[in-house]
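Whatever order the structure lists ligands and atoms in, that order sets their numbers, starting from 1. One-based numbering along the sequence shown.
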Amino acid sequence: MKFIFCFLLLSLTIFNLAAKGLKPVYLRCEYKENPVTDAAAPRLSWELTSAENGQLQTGYQILAASSESKLTESLADLWNSQKVNGRATSQVEYAGKPLLSRQICFWKVRSWDKNGTPGEWSSTAKWEMGLLDKKQWIADWIGLDLDNLGKGKTYHLPPAPYLRKTINIKPGFVKARLYVTALGLYEFSINGKKTGDDFLTPGWTDYDKRVYYQTYDVTSQIKAGANALASQLSYGWYAGYLGYSLLVGNPVVRTFYGKVPLLKAQLEVEYVGGKIETFATSGQWKASVGALLESDLLNGETYDARKEFSGWNIAGFKDQEWQNVQVYPDKADRQIQVYPGPPVKVTQTLAVKNTIARPEGSYIFDMGQNFAGIIRLKVKGSAGDTIRLRFGEKLHPDGRLMTENLRMARATDTYILKGDAKGEMWEPKFTYHGFQYVEIKGLKEKPSESTLTGLVIGSDTPKVGSFETDNKMINQLYSNIDWTQRANYVDIPTDCPQRDERVGWTGDAQVYVKSATFNRDVASFFTKWVVDLNDGQYENGAYPLYAPRPNLRKTDTFSPGWMEAGIICPYQVYRSYGDTRMISQGWPYMVAFMDFLEKRGKGNGVFKEKSFEDIDPKGGFGDWLSFGKKTPPDMLASFYYTYCADLMAEMAGAIGNVKDQEKFTSTAAKVRKAILEHYTDASGRFVCDSAAYGNGAGYVDGQLGFTGNTQTAYANAIYMNILSKPDQRKAGLYLTELLEKNGGKLATGFLGAKPLLPALSSTGHSDAAYKLFLSKEFPSWGFEVENGSTTIWERWDSFTKEDGFKYNAAMNSFSHYAFGAVCEWMFGNAAGIQASKPGFAEFDIRPEIAPDDLGDGGIKHLKASYHSINGTILSEWQKQADKLVLKISVPVNTVANVYVPGKMSDQLLVDGKKIGSSAFVKLKGEQAGYVILEVGSGSYSIENKR
Ligand code: RAM
């Protein structure tokens, strides 16, 4: 009894100690859990939990070892960081022994809390090093040239090759890794089982400069004796159709990087004792044409199941009839690296919502959600029965599938049955579509709900945001934003998933990047894409219109508002995740871009009218898809110049480059001054010399004329801090005036819509921002929701009651995330979550409460959470009859300034008690209708009277 009592006491004390300390969880390396990386000094991060409020880390210690058993202070053979003082829990660089290719590093961490007490060690995590030297790749590029078998009139779609080899593995192996990549797309299997569950590997890059590879732990997939290595290849971005090249009559419409898809793979088998045997792609492999008759990313797949070879991917298959593969030379300066982004995967499956019978035995399936992905087909029938699947985002009023907005993307999959009496199942491997509706032709029996399943694909970016209110329309809008992001963050940030475009448009990416960070963890996604951007930079320093940058149209070059993505995206990654590596690695590119601007500005500091008349369209895209008179693109270019110089100054500071910090600070001041001199009048309104643009020919919507006095001009000037404080306020008034004159409606395009609501809020017009946000009238976000959208449209008028889908054949996507950039305001203003220090180590919660006079169309209750790199932040507010209740969460090791609507004299309550009763909630002061509290970690409920 006594013993039990002692034991209980002991465990209680241990529990108590543990409960008091900090516990590191969610250990990651290069933003991933247990990844393979080729970063020389991988960056580590963890999050902290604690049972106490107001907790901070005062120090940490990391151990890294070559085996889990050596992960102790005395044995750690790779690294013992010793105690490092400070609050850092992310971007912590490994600084132990140099790491070798293939090395597995086990690691753990512990943290000291604010009282200097060390907590428990975390559980063990690991990372593995990839192949650090290109010479370690002994595998050849192999393929089979089937190009001459492409027969179509409009689409040249050759069959996709099958490759295989049987190998012999000796007994006594302990570990096996497959390193694999392709020029094109690959799917690899060992003994009939696919390696990994990634889709569209190895991703899109400028293949002349670099190609990424995947590493799979295949130890459990191999066996002693005969093993089959097998791979299917497809054309993908490397050799398939890309963008609108076909539509615009570009001389090249496919094979932008090469004609024949190629595979490079090596299986490394390690035996007891450490000896490694490598089985690599070589001229010894066999290849054949098979069932995959057509395979193209945009145009779809055709699969003839009658041509399947059974057992081709397992040992024992007789491949004597198959051809020898062809071996292709490598490009000496092509880099081969570990895929740095989150893999593209099937992230969700969707069941059919509704089946509609159509004339002539065809059917349309409604998946209930517009998404990017493929379908899994289950059918029964006779050999040779042909099922044709077409995909669309909308139906015509008469019930037909609407495909005009796909333009030249054929987006058609065909399955030819083999006639298996048990039924057959198929899903395409190397294509995807943007759709909500699927039209099926050729079914011999009435379909059931299980005939089709939707497989949602996208870069597997962890969900970090949630946004919920008591207003249904807003909840749907948030869902639409997230779905549109998922549909377009597919290896790169595409503009749209459905039509013949789907490229990494830089303007869309830069206006939306901050919004994206609130929904999904996009740190490694942008780590990948920013390299694409840098690879795509022009010799003159301009970042391109889209990255990667195949030559889709001769006149495609760069545009103000688009090219700045090269500065804005790394900046946002720095602000959201505290990442300075992207800045230092990209610095030469970013500086080259700033030099380009300097040269273009001819020392004026401002881009006067017609500064960009040499590009196509003249002036660039400007405030693309706006309504009414155009904001001069050169004025916007000048704003962006200032903005980029500001960001560069801040980023230079972040990497300790004082010289450049000073340089860009003075550039920003110079351009600001020149803008005001050139583009404002005495009253501080924006003006321009519209006559300079003549009749506007060659400019986007130039015939509408130009004026500086637009919503977009003021919204951007306020957002980008172009004006002095008093002038900011004036600009806010001008902006509201313009809105009123326009019947309370927005007129902004891609560049104007993002800053519109933030600019209203920051100049004291939160009510006006809410009116736009909650409006259901055309044009507005709510209008789209009211009209049944499940994603964000490309244009405000993608559909109107009067004109239907009038832009269909031209340009009319229903899944375009750019206008979803309102998300930045939703989290940053409505919920009020704003980072004041990079990585949300310190942040504000400054909610803007929706006005009361909106009745049922308003918001009484809003709850948003954001899982930052430091942990989960919650901001919830609820208007009750006589009081406002805020619920907030501040992650361990962070500090928040919480702005509670009200006055000092209000006597607000925290967890039911007066301020002052908690050591972690301190009164800091009062500002513009808010009481400011400094709050340490923990969850709190704050009440104030209304
Ligand atoms: C469209 C794209 C993209 C936009 C460019 C200017 O075709 O879809 O969204 O950035 O044009």
*Would you indicate which of E794, E501, M811 comes nearest to atom 7 (O) of ligand 1 when only heavy atoms are counted?*
E501
*Side chain to side chain, T494 and Y489, heavy atoms closer than 4.5 Å*: no
*Quick one: look up the protein heavy atom nearest atom 8 (O) of ligand 1 and list residue, atom name and how far away it is.*
D495 OD2, 2.6 Å
*Among Y546, F750, Y817, W624, which residue places a heavy atom closest to atom 11 (O) of ligand 1?*
W624
*Test log, rule side chain to side chain contact (heavy atoms under 4.5 Å, CB included), inputs V573 and V530*: CA-CA 10 Å; V573 172; V530 165; 5.6 Å; no
*Give the numbers and elements of all ligand 1 atoms closer than 4.0 Å to a heavy atom of F621.*
6 (C)
*Is the closest basic N to carboxylate O distance between D535 and R210 below 4.0 Å?*
yes
_Can you confirm whether M402 sits close enough to E393 that some side-chain heavy atom of one is under 4.5 Å from a side-chain heavy atom of the other?_
no
*In the protein, what heavy atom is nearest to atom 9 (O) of ligand 1, and what distance, to one decimal place, separates them?*
D508 OD2, 2.5 Å
*Of the side chain and backbone of R499, name the one, both, or neither that has a heavy atom under 4.0 Å from an atom of ligand 1.*
side chain
*Does Y244 have a heavy atom less than 4.0 Å from any atom of ligand 1?*
no
*Do the non-hydrogen side-chain atoms of L455 and I374 ever get within less than 4.5 Å of each other?*
yes
_Given S576, which partner from the list V464, T517, D521 fulfils the side chain to side chain contact (heavy atoms under 4.5 Å, CB included) test?_
T517
